[in-house]
Amino acid sequence: MKVIVLGAGIIGVSTAWHLLERGHEVTLVDRRSDAALETSFGNAGQISVSYCEPWAYKGAPLQILKWMFRKDSPLLFRPQADWQQWRWGLAFLGQCNDAAFARNVAQLVALGAYSHQALREVVSMTGIEYDRLERGIAHYFTSQKSFDEAAHAAELMRTHGVQRQLLSRDELLAIEPAFRAFGEQHIVGGTYTASDESGDARRFTQALARHCMRLGARTLFGRTVHGIEVAGGEVQAVHVSAGSGDDSASNDVALKADAVVVACGSYSAPLLRSVGVDLPIYPGKGYSATFDILRPEAAPWVSTIDDEVQCAMTRMGGKLRVAGTIELAGFDTSLDTPLARARCEMLARRVEQVLPGVCDTRSQAQGGDPHYWTGLRPATPTNIPFIGRTRVGKLWVNAGHGTLGWTHGAGSGKALAALISGERQPIAGFGFHGMA
């Protein structure tokens with residue numbers, strides 16, 4: 001089959017790779033000059049099967065309400081004059097109950113476990129290097145109440161086969177002593193899953209894109225998608241700009257194929273709505289900061305989640321990536337607003353609080369060289385992505401992975417490639433279905 005994959009982030013490139021592995025002819029399209037330059041560029045780096053919990057839970061509405069007036073809150077809902085935002089929010093509230101939480105966790109863990117194995121297979125086959133650390137993921141708590149709740153969450157995850165351990169403060173600091181100075185005064189306990197890992201999603205995705213090219217993939221980078229042409233209930237062509245730097249719709253190229261995959265992250269939703277496929281995917285603006293490590297002997301090796309500010313810290317070679325916060329405010333990727341600056345400054349401040357003097361967190365004005373970034377996380381109300389066939393003939397979707405695109409990327413690509421190839425449902429416990 002000839003397949004067009006729209007979007008060259010971790011989801012799109014993984015889909016392309018697995019389609020090529022099955023002998024299909026693939027064209028990979030992205031508006032940027034290379035793979036992984038948007039949502040997959042600067043994430044937390046965690047392959048976190050053990051932390052696949054959805055955002056929606058029973059206590060979420062009250063917590064989000066409390067956070068609405070804090071510029072540095074972990075999850076900030078900024079009301080817009082946008083029907084899609086309000087529709088998404090109402091659907092999210094409908095998932096904030098115990099039954100929905102348990103159902104959604106089961107599917108997310110099933111996809112996570114399948115995806116982690118798929119990632120291992122790709123790495124074994126290709127030898128891709130991406131600052132990989134197979135040292136597990138730790139999660140520390142500075143609140144006794146939150147730590148007590150973590151015990152219930154760990155028990156729930158164990159019912160799904162995830163061996164998340166509950167640890168005392170001393171046990172946690174023995175696993176990752178880098179936090180000892182901070183932890184002895186502030187940490188009350190933590191959790192740890194040895195099977196999780198971390199690495200640079202951008203490096204991996206770009207390297208995998210090169211492997212796709214070696215297998216014969218045609219890459220059209222720097223090409224804007226102008227639209228999907230549908231007639232007779234099925235896709236006839238995909239219209240893209242003729243070349244890099246030329247976005248004129250009057251000078252586009254019509255690409256034809258047996259199947260078209262939309263894997264454009266948050267931008268999948270408006271593109272799909274243009275052909276009558278309406279999916280509740282809404283952008284969540286995530287932030288990250290990457291700092292040079294000044295004292296390698298004191299920097300953490302275990303990727304860690306800070307529960308108090310809901311950020312993750314991951315070592316990537318000689319740098320530390322700290323990422324967190326979600327802002328629901330439409331397709332805004334700006335870093336120069338007062339709100340954006342406050343959220344970036346929070347990340348730098350937190351690194352200094354827990355790892356004082358370990359990284360160069362100075363601003364450029366102070367002589368430092370921090371790299372701040374923001375990307376749009378394509379979130380669904382359940383946090384479960386859409387992977388499968390749409391009601392439009394020849395049109396498929398692989399989108400809606402939220403903050404778990406790196407965790408679920410390899411498996412999502414493998415699963416969709418299997419479905420397109422006519423294979424049976426590839427993941428037990430995960431719901432594949434037609435998209436409205």
*Asks:* Could you tell me the separation between the OH atom of Tyr140 and the CZ atom of Phe179, rounded to the nearest 0.5 Å?
*Replies:*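 Spacing of OH (Tyr140) from CZ (Phe179) equals 5.0 Å.
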*Asks:* Could you check if a side-chain atom of Phe41 sits within less than 4.5 angstrom of a side-chain atom of Thr205, using non-hydrogen atoms only?
*Replies:*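 The answer is no; the side chains never approach within 4.5 Å.
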*Asks:* Please enumerate all residues that pass ring-ring contact (aromatic ring centres under 6.0 Å, His included) together with Trp86, with sequence neighbours excluded.
*Replies:*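 Trp86: ring-ring contact (aromatic ring centres under 6.0 Å, His included) contacts with Phe77.
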*Asks:* Determine whether a donor-acceptor pair (N or O, by modelled atom type, separation under 3.5 Å) exists between the side chain of Gln206 and the backbone of Arg203.
*Replies:*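 Flag not set: sc Gln206 to bb Arg203 has no pair under 3.5 Å.
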*Asks:* Below 4.5 Å, heavy atoms only, C-beta onward: do Ile47 and Asp196 meet side chain to side chain?
*Replies:*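 The answer is no, as the side chains (C-beta and beyond) never meet within the 4.5 Å cut-off.
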*Asks:* Rounded to the nearest 0.5 Å, what's the gap from CG on Leu133 to CD on Glu197? Could you check?
*Replies:*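 Output value for this atom pair is 9.0 Å.
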*Asks:* Between Leu347 and Cys311, does the side chain to side chain contact (heavy atoms under 4.5 Å, CB included) criterion hold? Intermediate values first, please.
*Replies:* CA-CA 8 Å; Leu347 296 176; Cys311 72; 4.1 Å; yes
*Asks:* Quick check: closest heavy atoms across Leu419 and Trp396, and the distance to 0.1 Å?
*Replies:*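 So the two residues come closest at O-CH2, 3.8 Å.
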*Asks:* Under 4.0 Å between a Lys/Arg side-chain N and an Asp/Glu carboxylate O for Asp278 and Arg87?
*Replies:*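 Counted as a salt bridge, because a side-chain N and a carboxylate O are separated by less than 4.0 Å.
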*Asks:* Which pairs, with at least one residue in residues 311-332 and sequence neighbours excluded, count as a ring-ring contact (aromatic ring centres under 6.0 Å, His included)?
*Replies:*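 Matches after skipping sequence neighbours: Tyr267-Phe331.
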*Asks:* Within the side chain of Ser288, is there an N or O that forms a donor-acceptor pair under 3.5 Å with the backbone of Ala323?
*Replies:*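 Side chain of Ser288 to backbone of Ala323: no pair is present.
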*Asks:* Verify, without hydrogens or angle tests, whether Arg391 (side chain) and Gly276 (backbone) share a donor-acceptor contact under 3.5 angstrom.
*Replies:*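 Side chain of Arg391 to backbone of Gly276, a donor-acceptor pair under 3.5 Å: yes, one is there.
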*Asks:* Drop me the distance from Leu20's CG to Cys212's SG, to the nearest 0.5 angstrom.
*Replies:*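 So the gap between those two atoms works out to 5.0 Å.
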*Asks:* Does the side chain of Ser50 come under 3.5 Å of the side chain of Thr193 through a donor N or O and an acceptor N or O?
*Replies:*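 There is such a pair between these side chains.
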*Asks:* Can you check whether Val26 reaches Trp17 side chain to side chain, under 4.5 Å on heavy atoms?
*Replies:*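 They are not in contact (no side-chain heavy atoms under 4.5 Å apart), so the answer is no.
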*Asks:* Test your reading of the model: is there a side-chain donor-acceptor pair from Thr380 to the backbone of Pro280, 3.5 Å cut-off?
*Replies:*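 Not a single qualifying donor-acceptor pair exists.
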*Asks:* Please find the pair of heavy atoms, one from Ile10 and one from Gly409, that lie closest to each other, and give the distance.
*Replies:*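 Here Ile10 and Gly409 meet closest at CG1-CA, 4.0 Å.
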*Asks:* Looking just at side-chain N and O atoms, do Ser48 and Thr407 make a donor-acceptor pair shorter than 3.5 Å?
*Replies:*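 Thr407 and Ser48 do have a side-chain donor-acceptor pair below 3.5 Å.
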*Asks:* Below 4.5 Å, heavy atoms only, C-beta onward: do Ser412 and Leu111 meet side chain to side chain?
*Replies:*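 A side-chain contact under 4.5 Å exists here.
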*Asks:* What's the verdict on side chain to side chain contact (heavy atoms under 4.5 Å, CB included) for Arg343 and Leu76, showing C-alpha distance, side-chain angles and the deciding distance?
*Replies:* CA-CA 11 Å; Arg343 293 170 88 74; Leu76 179 61; 3.8 Å; yes
*Asks:* For the side chain of Asp258 and the backbone of Lys2, is there at least one donor-acceptor N/O pair under 3.5 Å apart?
*Replies:*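 Between the backbone of Lys2 and the side chain of Asp258 there is a qualifying donor-acceptor contact (under 3.5 Å).
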*Asks:* State, yes or no, whether a side-chain contact exists between Leu339 and Glu327 at a heavy-atom distance under 4.5 Å.
*Replies:*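 Sidechains of Glu327 and Leu339: in contact.
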*Asks:* On a heavy-atom basis, which atom in Pro381 and which in Ala91 lie closest, and how many Å separate them?
*Replies:*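 Residues Pro381 and Ala91, closest heavy atoms: CG-CB, 3.6 Å.
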*Asks:* Taking ring-ring contact (aromatic ring centres under 6.0 Å, His included) as the definition, give me every residue that meets it alongside His139, ordered by chain and number, with sequence neighbours left out.
*Replies:*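 Applying ring-ring contact (aromatic ring centres under 6.0 Å, His included) to His139 gives Tyr51, Phe141.
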*Asks:* With a 6.0 Å cut-off (strictly less than), is the heavy-atom count around CZ of Arg218, excluding the residue itself, greater than 12?
*Replies:*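 Atom CZ in Arg218 is not crowded, with 12 or fewer foreign heavy atoms closer than 6.0 Å.
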*Asks:* Is Thr390 reaching over with its side chain to a backbone N or O of Val392, donor-acceptor style, under 3.5 angstrom?
*Replies:*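 Looks like yes, one N/O pair under 3.5 Å.
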*Asks:* Quick one: pull up CG in Asn104 and SG in Cys52 and give me the separation to the nearest 0.5 Å.
*Replies:*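 If we round to the nearest 0.5 Å, Asn104:CG and Cys52:SG are 12.0 Å apart.
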*Asks:* Has the side chain of Gln165 got a donor or acceptor atom that lies under 3.5 Å from a matching backbone atom of Gln163?
*Replies:*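 Not a single qualifying donor-acceptor pair exists.
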*Asks:* I'd like to know if Glu53 pairs up with Arg164 as an ion pair, taking the criterion as any Lys NZ or Arg NE/NH1/NH2 lying under 4.0 Å from an Asp or Glu carboxylate oxygen.
*Replies:*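 Salt bridge flag = yes for Arg164 with Glu53.
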*Asks:* Heavy atoms only: give me the nearest Val302-Ile175 pair and the separation to one decimal.
*Replies:*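 Scanning both residues, the minimum pair turns out to be CG2-O, 4.0 Å.
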*Asks:* Minimum heavy-atom separation for Gln63 and Tyr57, please, with both atom names.
*Replies:*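 Scanning both residues completely, I find the closest heavy atoms to be CB-OH, 4.0 Å.
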*Asks:* I need the Asp360 CG to Ile293 CD1 distance, nearest 0.5 Å.
*Replies:*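 Result: 11.5 Å between the selected atoms.
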*Asks:* Got a salt bridge between Glu21 and Lys414, using NZ or NE/NH1/NH2 to carboxylate O under 4.0 Å?
*Replies:*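 Looking at Lys414 together with Glu21, the answer is no, because their closest N to O distance does not fall below 4.0 Å.
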*Asks:* Filter on ring-ring contact (aromatic ring centres under 6.0 Å, His included), then keep only pairs touching residues 93-130, sequence neighbours left out; what's left?
*Replies:*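 Of all non-adjacent pairs touching residues 93-130, those that pass ring-ring contact (aromatic ring centres under 6.0 Å, His included) are Tyr130-Phe204, Tyr130-Trp406.
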*Asks:* Assess whether side chain to side chain contact (heavy atoms under 4.5 Å, CB included) is satisfied between Val322 and Arg350, documenting all intermediate values.
*Replies:* CA-CA 9 Å; Val322 53; Arg350 191 57 173 176; 5.9 Å; no
*Asks:* Indicate yes or no: does Arg31 engage Glu38 in a salt bridge with an N to O separation below 4.0 Å.
*Replies:*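 Glu38 and Arg31: salt-bridged.
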*Asks:* Where the side chain of Arg341 meets the backbone of Asp336, is there a donor-acceptor pair that is under 3.5 Å apart?
*Replies:*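 Such a contact is found between Arg341 side chain and Asp336 backbone.
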*Asks:* Would you say Glu129 has more than 12 foreign heavy atoms packed within less than 6.0 Å of its CD?
*Replies:*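 No - once you tally the heavy atoms of other residues, nucleotides and ligands closer than 6.0 Å, there are 12 at most.
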*Asks:* Can you find a heavy atom in the side chain of Leu320 that is under 4.5 Å from one in the side chain of Leu355?
*Replies:*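 Yes, side chains in contact.
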*Asks:* Using only atom types and a distance under 3.5 Å, with no angle test, would you say the side chain of Ser303 pairs donor to acceptor with the backbone of Thr314?
*Replies:*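 No.
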*Asks:* Checking Asn383 side chain against Trp55 main chain: does a donor-acceptor pair fall under 3.5 Å?
*Replies:*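 Yes; judged by distance alone, with no hydrogens or angles, the pair exists.
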*Asks:* Which residues satisfy the ring-ring contact (aromatic ring centres under 6.0 Å, His included) test with Phe291, sequence neighbours excluded?
*Replies:*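 Listed in chain order: nothing, the list is empty.
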*Asks:* Is Asp131 paired with Arg202 through a side-chain N to carboxylate O contact shorter than 4.0 Å?
*Replies:*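 Between Asp131 and Arg202 there is no salt bridge, as every charged N stays at least 4.0 Å from the carboxylate O atoms.
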*Asks:* Before you tell me yes or no, could you show the steps for Asp292 and Lys319 under side chain to side chain contact (heavy atoms under 4.5 Å, CB included), namely the whole-Å CA-CA distance, both residues' side-chain angles and the distance that decides it to 0.1 Å?
*Replies:* CA-CA 5 Å; Asp292 290 331; Lys319 298 181 183 295; 2.4 Å; yes
*Asks:* Check ring-ring contact (aromatic ring centres under 6.0 Å, His included) between Tyr372 and all other residues, then give those that pass, not counting sequence neighbours.
*Replies:*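 For Tyr372, no residue satisfies ring-ring contact (aromatic ring centres under 6.0 Å, His included) once neighbours in sequence are set aside.
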*Asks:* For a quick test of reading the model, state the closest non-hydrogen atom pair linking Pro300 to Arg315 and the distance between them.
*Replies:*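 That closest heavy-atom pairing would be O-CD, 3.2 Å.
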*Asks:* Would you say the side chain of Val309 lies within less than 4.5 Å of the side chain of Pro74, judging by non-hydrogen atoms?
*Replies:*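 Pro74 vs Val309: side chains apart.
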*Asks:* Can you tell me how far the CG atom of Leu172 sits from the OH atom of Tyr192, to the nearest 0.5 Å?
*Replies:*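 One gets 10.0 Å once the value is rounded to the nearest 0.5 Å.
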*Asks:* Answer whether the closest heavy-atom distance between the side chains of Leu208 and Ser14 falls below 4.5 Å.
*Replies:*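 In short, these two side chains touch, coming nearer than 4.5 Å.
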